[in-house]
Amino acid sequence: MQEKDSVLLTLEKIKSFAMTVVGAGIFSMGSTYFSEQTEYRIPRILLPIYSLFGNIGLAVGMVILGLILMYFAYVKYKKNKGKPIYLLAFSIIAVLGFYGIIYSEINKKTTIEDLKTSIEKSQQKRKANF
């Protein structure tokens with residue numbers, strides 16, 4: 001019986017880590033939406049917020065939603081006899097990791113020259129195949 005309880009505790013801890021990852025991702029993306037973007041990735045639950053309040057409302061909503069998810073993950077982890085410092089450290093690493101991913105994608109700006117060369121290369125490959 002005790003083995004079953006420890007397995008359930010471990011699974012609940014893993015679930016709280018997953019909630020932290022999702023919350024960190026939503027928080028990180030939301031904090032970058034305060035300035036206008038060409039493309040938004042909007043969670044469905046926040047679609048009405050975006051249509052009413054625009055990108056600022058979406059940014060605030062995503063930051064709040066991400067923080068709420070990370071808070072509930074923290075409460076769940078603590079309730080299942082986990083050491084809170086592990087989840088806090090993991091959430092900081094997850095947020096920093098998502099910021100790294102987001103900013104590496106932002107810095108991959110393609111210029112018109114790059115687009116022209118890629119189109120020419122694809123046309124040459126197509127011609128070579130026929």
Side-chain angles (χ1 to χ4, degrees):
M1 190 71 171
Q2 176 150 2
E3 185 177 316
K4 187 176 181 181
D5 289 340
S6 70
V7 170
L8 287 176
L9 287 176
T10 304
L11 290 175
E12 289 297 322
K13 289 177 189 176
I14 291 170
K15 192 189 307 184
S16 64
F17 276 103
M19 285 173 60
T20 301
V21 168
V22 172
I26 291 173
F27 173 82
S28 301
M29 286 188 73
S31 64
T32 62
Y33 285 171
F34 283 103
S35 61
E36 292 214 14
Q37 311 253 336
T38 56
E39 179 182 44
Y40 293 103
R41 296 185 179 170
I42 305 170
R44 285 186 186 205
I45 194 169
L46 294 176
L47 200 54
I49 301 293
Y50 177 69
S51 63
L52 288 175
F53 301 112
N55 66 312
I56 301 295
L58 175 66
V60 170
M62 287 181 75
V63 167
I64 291 171
L65 181 63
L67 288 174
I68 288 171
L69 277 171
M70 288 191 289
Y71 173 74
F72 280 122
Y74 173 78
V75 169
K76 179 182 280 271
Y77 189 76
K78 206 165 117 177
K79 187 171 77 173
N80 289 303
K81 301 176 184 173
K83 292 185 180 177
I85 191 72
Y86 293 146
L87 190 72
L88 291 174
F90 180 75
S91 62
I92 291 171
I93 291 170
V95 167
L96 292 176
F98 276 110
Y99 276 130
I101 292 169
I102 290 168
Y103 286 118
S104 70
E105 288 297 315
I106 289 174
N107 290 333
K108 285 185 176 179
K109 295 180 182 174
T110 56
T111 62
I112 295 174
E113 311 293 326
D114 295 335
L115 292 174
K116 286 181 182 178
T117 56
S118 67
I119 289 171
E120 289 174 2
K121 286 180 182 179
S122 67
Q123 286 177 349
Q124 287 174 358
K125 286 181 183 178
R126 197 177 311 143
K127 287 180 183 177
N129 289 336
F130 286 113

message = With a 4.5 Å cut-off on side-chain heavy atoms, are M62 and Y50 touching?
response = no

Any heavy-atom pair between the side chains of F34 and N55 that's under 4.5 Å?
no

Here the gap from I42 atom CD1 to R44 atom CZ, rounded to the nearest 0.5 Å, amounts to 11.5 Å

_Is the shortest side-chain heavy-atom distance between K15 and N80 below 4.5 Å?_
no

inquiry  = If hydrophobic clusters are built from ILVMFWY residues whose side chains come within less than 4.5 Å, do M29 and F53 share one?
reply    = yes

#### Entry: Transitive ILVMFWY side-chain link Y71 to I92, under 4.5 Å
no

**Prompt:** Can L52 be reached from I49 by stepping across I, L, V, M, F, W or Y side chains whose heavy atoms are under 4.5 Å apart?
**Reply:** yes

Checklist entry - Quick one: are V21 and F90 in side-chain contact, heavy atoms under 4.5 Å? => result yes

Q) Are L67 and F72 joined in one hydrophobic group, where the rule is that I, L, V, M, F, W and Y side chains link up if heavy atoms are under 4.5 Å apart? A) yes

### Query
Ignoring hydrogens and geometry, is there a side-chain-to-backbone donor-acceptor pair from S28 to G25 under 3.5 Å?
no

| query | Taking C-beta and beyond as the side chain, do T32 and Y103 meet within less than 4.5 Å on heavy atoms? | reply | yes

- Message: Membership question, hydrophobic clusters at under 4.5 Å side-chain separation (ILVMFWY): are I14 and L88 in the same one?
- Response: no

Greater than 12 external heavy atoms within 6.0 Å of I45's CD1 | no

Requested in this report: Side-chain contact test, heavy atoms from C-beta onward, threshold under 4.5 Å: evaluate it for F27 versus F98 and give yes or no.
Outcome: no

Note: with side-chain heavy atoms under 4.5 Å as the link, the other cluster members for I93 come out as none

**OP:** Find out whether E12 and L8 are in side-chain contact, i.e. whether some heavy atom of one side chain is under 4.5 Å from a heavy atom of the other.
**Re:** no

Tightest non-hydrogen contact, residues S51 and P48, listed as OG-O, 2.9 Å

